[in-house]
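When a residue number appears, it is its place in the shown sequence, counting from 1.
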Amino acid sequence: RMLSEKDVDRLFDMGFDCSQIVFGEFAERFGLKKEDAYRIAGCFGIGMAQDGVCGAVSGGMMALGLAFGNDAPGDLSKKDALFKMRDELVKEFKIRNADVNCPELLGQKVHTLEDLMLTRPTGIYKDCPKYCIDVIEIVEKMLH
């Protein structure tokens, strides 16, 4: 069963971020423990502290890499195919949400964990569960 926005909100309340939630959703399918996925994705949330791509999208990219990434030296055709999937994920996310940049999606920058704790109650993250679900849906489609 796929996560709901309510499930995502519950995971946020438990201290996980968008990248961890999205990557964690796919990890076990490819032989990675969810706890390991949470640790791997731990630095990618909040748009890598606001100078980057939405953490949910980063988590989706990690899931695509786990599923389709090249692991043999010189396997550039597999890498090229993965980059096309990455670009498709970004394109589809932008169609649904207009942007892929975290500060643009939130409407402001959040740099530190303290900032995050101060701004969480203000509602700037109200759409983040939707962003996570959007990425999970897009990646799920790409896996089939």
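- Within the 4.5 Å cutoff, side-chain heavy atoms of Ile133 are placed close to those of Met2.
- Using a 4.5 Å cut-off on side-chain heavy atoms (C-beta onward), Cys128 and Leu106 make contact.
- Residue-environment remark: NZ (Lys78) exceeds the threshold of 12 foreign heavy atoms within 6.0 Å.
- Of all heavy-atom pairs between Leu89 and Gly60, the closest is CD2-C, 3.9 Å.
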Test log, rule side-chain contact (heavy atoms from CB on, under 4.5 Å), inputs Leu32 and Ile40: CA-CA 10 Å; Leu32 188 65; Ile40 291 166; 3.9 Å; yes
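- Contact annotation: the side chain of Lys6 never approaches that of Asp9 to less than 4.5 Å [non-hydrogen atoms, C-beta and beyond].
- Under the 4.5 Å side-chain criterion, counting only non-hydrogen atoms from C-beta, Val8 is not in contact with Lys130.
- No more than 12 heavy-atom neighbours from other residues, nucleotides or ligands sit within 6.0 angstrom of NZ on Lys91.
- Of all heavy-atom pairs between Pro103 and Gly52, the closest is CD-O, 4.2 Å.
- Residues Phe12 and Asp7 are not in side-chain contact: their nearest non-hydrogen atoms beyond the backbone lie 4.5 Å or more apart.
- Among residues two or more places apart in sequence or in another chain, the side-chain hydrogen bond (donor to acceptor under 3.5 Å, both in side chains) test is passed with Lys126 by none.
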Could you tabulate the donor-acceptor pairs under 3.5 Å formed by side-chain atoms of residues 15-26, not counting sequence neighbours?
{"from": "Asp17", "atom 1": "OD1", "to": "Ser19", "atom 2": "N", "distance (Å)": "3.2"}
{"from": "Asp17", "atom 1": "OD1", "to": "Ser19", "atom 2": "OG", "distance (Å)": "2.7"}
{"from": "Asp17", "atom 1": "OD1", "to": "Gln20", "atom 2": "N", "distance (Å)": "3.2"}
{"from": "Ser19", "atom 1": "OG", "to": "Ala41", "atom 2": "O", "distance (Å)": "2.9"}
{"from": "Ser19", "atom 1": "OG", "to": "Gly45", "atom 2": "N", "distance (Å)": "3.1"}
{"from": "Gln20", "atom 1": "OE1", "to": "Asp17", "atom 2": "N", "distance (Å)": "2.9"}
{"from": "Gln20", "atom 1": "NE2", "to": "Tyr38", "atom 2": "O", "distance (Å)": "2.9"}

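- With sequence neighbours excluded, the residues forming a side-chain hydrogen bond (donor to acceptor under 3.5 Å, both in side chains) with Asp75 are Ser77, listed by chain and number.
- Counting heavy atoms from C-beta outward, Leu3 and Ile136 have side chains that approach closer than 4.5 Å.
- In this structure, Lys33 and Glu28 have side chains that are not in contact, with every pair of non-hydrogen atoms separated by 4.5 Å or more.
- Between Asp99 and Leu105 the shortest heavy-atom distance is O-CD2, 3.6 Å.
- Put simply, SG on Cys54 and CE on Met61 are 9.5 Å apart, with the number rounded to the nearest 0.5 Å.
- Take Glu140 and apply the salt bridge (Lys or Arg N to Asp or Glu O under 4.0 Å) test, not counting sequence neighbours, and it matches Arg29.
- The pair Glu137-Arg96 counts as a salt bridge, with a side-chain nitrogen and a carboxylate oxygen less than 4.0 angstrom apart.
- Arg39 pairs by the side-chain hydrogen bond (donor to acceptor under 3.5 Å, both in side chains) definition with Asp36, not counting sequence neighbours.
- Residues Leu82 and Arg86 form no side-chain contact, since every pair of their non-hydrogen atoms from C-beta on lies 4.5 Å or further apart.
- For NZ of Lys79, the number of neighbouring non-hydrogen atoms (other residues, nucleotides, ligands) closer than 6.0 Å is 12 at most.
- Sequence neighbours left out, not one pair with a member in residues 60-82 passes ring pair (Phe, Tyr, Trp, His ring centres under 6.0 Å).
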